[in-house]
Amino acid sequence: MANFAKPSAPRFTAEVYQNEFLPEGGRDVHAIVTVTSTGGAAARRAAADRGAAAVVIMVDCSGSMEYPPDKMRGAREATAAAVDTLRDGTAFAVVAGTHEAKEVYPGQGRLAVAGPATRAQAKEALRGLRSGGGTAIGTWLRLADGLLRQSSAAIRHGILLTDGRNEHEEPAVLRATLDACAGRFTCDARGVGTDWEVKEVTGIAGALLGSADIVADPAHLAQDFTRMMENVMGKEVADVALRLWTPVGVEIQYVKQVAPAVQDLTGRRTEAGPRAGDYPTGSWGDESREYHVCVRVPSASVGQEMLAARATLVLPGAAGEPPSVLAQGLVRAVWTDDLAASTAISPQVAHYTGQAELAQAIQQGLEARKLGDVDGATAKLGRAVQLASASGNADTARLLAKVVDVVDAVAGTVRLKAKVADADEMTLETRSTQTVRVKKT
């Protein structure tokens with residue numbers, strides 16, 4: 001473990017948990033890299049002084065937001081609450097989204113600077129929000145991107161609320177928009193009510209390294225928006241990358257964030273020099289995240305050892321300057337004929353492998369249920385109940401219990417409920433990737 005942060009910057013540390021021992025001929029090495037950022041209070045104060053954040057709030061104003069009327073009312077109140085949470089000096093704008101995107105405040109292609117007067121003006125402008133029209137989320141994101149690109153702020157973030165499916169835009173257009181916006185800003189996405197598509201909302205958040213959730217009751221929107229904005233205001237460092245360097249002959253099998261939520265980063269690699277690649281992690285405040293790295297090393301004989309990978313947290317430098325190294329950890333491989341050593345599984349690796357399987361079992365089980373495959377759904381959701389119980393993931397266990405009747409959690413014996421509320425099923429699917437930390441012993 002190494003820390004390279006400057007005294008005035010948040011302090012990053014990287015710790016590697018693994019069983020480095022392999023049997024003769026063994027090739028796959030698994031490691032959990034725990035990254036922690038601390039001591040950011042001073043950085044937050046400095047960020048506030050230089051207005052180092054820019055935020056665009058995108059509010060669904062399609063026709064369906066008027067049914068029931070409390071959705072539109074809740075959206076106005078939630079956006080006002082988010083505006084109230086903005087730190088002075090933060091650049092911001094509000095966008096109304098339908099089959100097109102319109103600026104609500106401040107307008108004329110600009111960003112406002114948060115302060116008492118602009119917050120009051122923004123909240124007054126929200127009174128004019130009216131529902132009508134269709135849903136084309138890509139247009140909302142493109143407008144947000146254009147607004148955020150005007151800002152030199154380090155933290156560039158979007159908050160997106162929708163209540164329906166992206167029916168007035170081809171899926172390929174949304175995918176292309178997400179590809180274009182990735183790396184330029186992060187975005188939290190929320191679905192209100194139960195008429196939206198889970199995979200669309202989670203796909204937006206995943207592509208833009210943000211969070212996704214359901215707010216089934218519009219009355220809870222203001223609380224959720226306040227919490228999201230508080231989280232954005234707590235960010236201090238943007239565009240941090242997990243850089244993996246591997247020796248000749250070593251192949252990276254996958255890289256996944258596994259806490260606080262499962263997110264596969266394998267396909268998001270960008271080359272960063274000979275045998276090195278960067279995986280995006282987004283913006284950081286005072287927090288800890290964990291990453292599962294799997295590499296395949298060349299076969300070797302007993303007694304040999306090697307550096308299998310070097311994991312480094314890096315921050316891009318200014319034009320022409322090298323990146324800053326924030327923290328570093330090493331992944332090792334040692335070949336042994338000690339059967340007990342080579343077959344032991346790191347508790348951290350075992351735990352997060354189980355959490356990733358839990359998320360997959362929930363998603364596959366719910367899909368089977370939608371297709372009418374009772375046996376397949378029962379098997380997958382039963383396995384999910386078993387994994388949630390074994391790992392102590394009580395929140396997921398409670399959500400599962402609204403979809404299945406649990407006969408024996410330890411054995412994973414369940415029965416599908418005959419009737420399940422749409423909100424309960426969508427909540428389980430949306431939150432399926434949320435994980436719990438390794439139990440402290």
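These values consider heavy atoms only, across backbone and side chains, with no hydrogens, waters or symmetry-generated copies. Position 1 is the first residue of the sequence; numbering continues from there.
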ask   = How long is the span from the CG atom in L315 to the OG1 atom in T281, to the nearest 0.5 Å?
value = 9.5 Å
message = Can you pull out every ring pair (Phe, Tyr, Trp, His ring centres under 6.0 Å) where at least one residue sits in residues 246-279? Sequence neighbours excluded, please.
response = Y254-H292
ask   = Which value, rounded to the nearest 0.5 Å, describes the distance between I362 atom CD1 and E357 atom CD?
value = 11.0 Å
task = Return each pair, listed once, that meets side-chain hydrogen bond (donor to acceptor under 3.5 Å, both in side chains) where at least one residue sits in residues 191-204; pairs must be two or more places apart or across chains.
result = K199-E429
key: Within 6.0 angstrom of K71 NZ, more than 12 heavy atoms from elsewhere   = yes
query = Does K402 reach the side chain of R398, with side-chain heavy atoms less than 4.5 Å apart?
reply = no
query = Do S389 side-chain atoms and V385 backbone N/O form a donor-acceptor pair below 3.5 Å?
reply = no
query = What residue pairs, at least two apart or across chains, pass salt bridge (charged side-chain N to carboxylate O under 4.0 Å, His left out) with a residue in residues 247-265?
reply = none
task = List for me each residue that meets ring pair (Phe, Tyr, Trp, His ring centres under 6.0 Å) alongside H168, sequence neighbours excluded, and say none if there are none.
result = none
Residue pair E290 / T34, side-chain donor-acceptor N/O under 3.5 Å = yes
inquiry  = Check whether D163 reaches the backbone of G193 with its side chain - one donor and one acceptor, N or O, closer than 3.5 Å.
reply    = no
Of all pairs that satisfy salt bridge (charged side-chain N to carboxylate O under 4.0 Å, His left out), the ones with a partner from residues 300-317, not counting sequence neighbours = E305-R332
request  = Before giving the answer on side-chain contact (heavy atoms from CB on, under 4.5 Å), spell out for R268 and L209 the whole-Å C-alpha distance, their side-chain angles and the decisive distance to 0.1 Å.
outcome  = CA-CA 11 Å; R268 315 244 345 229; L209 299 177; 3.7 Å; yes
request  = Quick one: which residue pairs count as a salt bridge (charged side-chain N to carboxylate O under 4.0 Å, His left out) with a foot in residues 204-218, not counting sequence neighbours?
outcome  = D213-R431
ask   = Hey, is the main chain of S211 close enough, under 3.5 Å, to the side chain of D188 for a donor-acceptor pair?
value = yes
ask   = Do the non-hydrogen side-chain atoms of I137 and T135 ever get within less than 4.5 Å of each other?
value = yes
key: Over 12 foreign heavy atoms within 6.0 Å of CG, L307   = yes
For T226, side-chain contact (heavy atoms from CB on, under 4.5 Å) partners two or more places apart = A81, T85, E230
inquiry  = Within this structure, what is the CZ-CG distance for the pair R269 and L244, rounded to the nearest 0.5 Å?
reply    = 7.5 Å
key: R175 with D179: basic N within carboxylate O range, under 4.0 Å   = no
query = Does the pair W284 and F12 meet the rule for a ring-ring contact (aromatic ring centres under 6.0 Å, His included), with working shown?
reply = CA-CA 10 Å; W284 287 74; F12 279 79; 5.5 Å; yes
ask   = Would a distance-only check, ignoring hydrogens and angles, find a side-chain to backbone donor-acceptor pair under 3.5 Å from T90 to R87?
value = yes
task = Any pair with a residue in residues 376-399 that passes ring pair (Phe, Tyr, Trp, His ring centres under 6.0 Å), sequence neighbours left out, goes on the list, sorted by first then second residue, please.
result = none
ask   = Are L326 and V240 side-chain neighbours, meaning at least one heavy-atom pair lies under 4.5 Å?
value = yes
message = L339: which residues meet the side-chain contact (heavy atoms from CB on, under 4.5 Å) condition with it, sequence neighbours left out?
response = S342, T343
query = Just wondering, are more than 12 heavy atoms of other shown residues or ligands nearer than 6.0 Å to CD in Q223?
reply = no
Residue pairs passing the salt bridge (charged side-chain N to carboxylate O under 4.0 Å, His left out) test where at least one lies in residues 153-162, sequence neighbours excluded = R156-D239
task = Classify the side-chain pair S62/D60 by whether it contains a donor and acceptor separated by less than 3.5 Å.
result = yes
key: Reported CD1-to-OG1 distance for the pair I345 and T353, which is rounded to 0.5 angstrom   = 8.0 Å
ask   = Is the shortest heavy-atom distance from the side chain of Y17 to the side chain of V349 under 4.5 Å?
value = no
ask   = Between R369 and E425, is there a side-chain N and carboxylate O pair less than 4.0 Å apart?
value = yes
query = Does a salt bridge link R142 with D145, judged by any charged N lying under 4.0 Å from a carboxylate O?
reply = no
inquiry  = Hydrogens and angles aside, do S346 and Q18 bring a side-chain donor and acceptor to less than 3.5 Å of each other?
reply    = no
request  = Only pairs at least two apart or in different chains count here, so list each ring pair (Phe, Tyr, Trp, His ring centres under 6.0 Å) that has a residue in residues 364-384.
outcome  = none
Short side-chain donor-acceptor distance under 3.5 Å, Q355 and S391 = yes
inquiry  = For E367, give me all partners under side-chain hydrogen bond (donor to acceptor under 3.5 Å, both in side chains), at least two apart in sequence or on another chain.
reply    = none
task = Answer yes or no: are there more than 12 heavy-atom neighbours, outside R184 itself, under 6.0 Å from its atom CZ?
result = yes
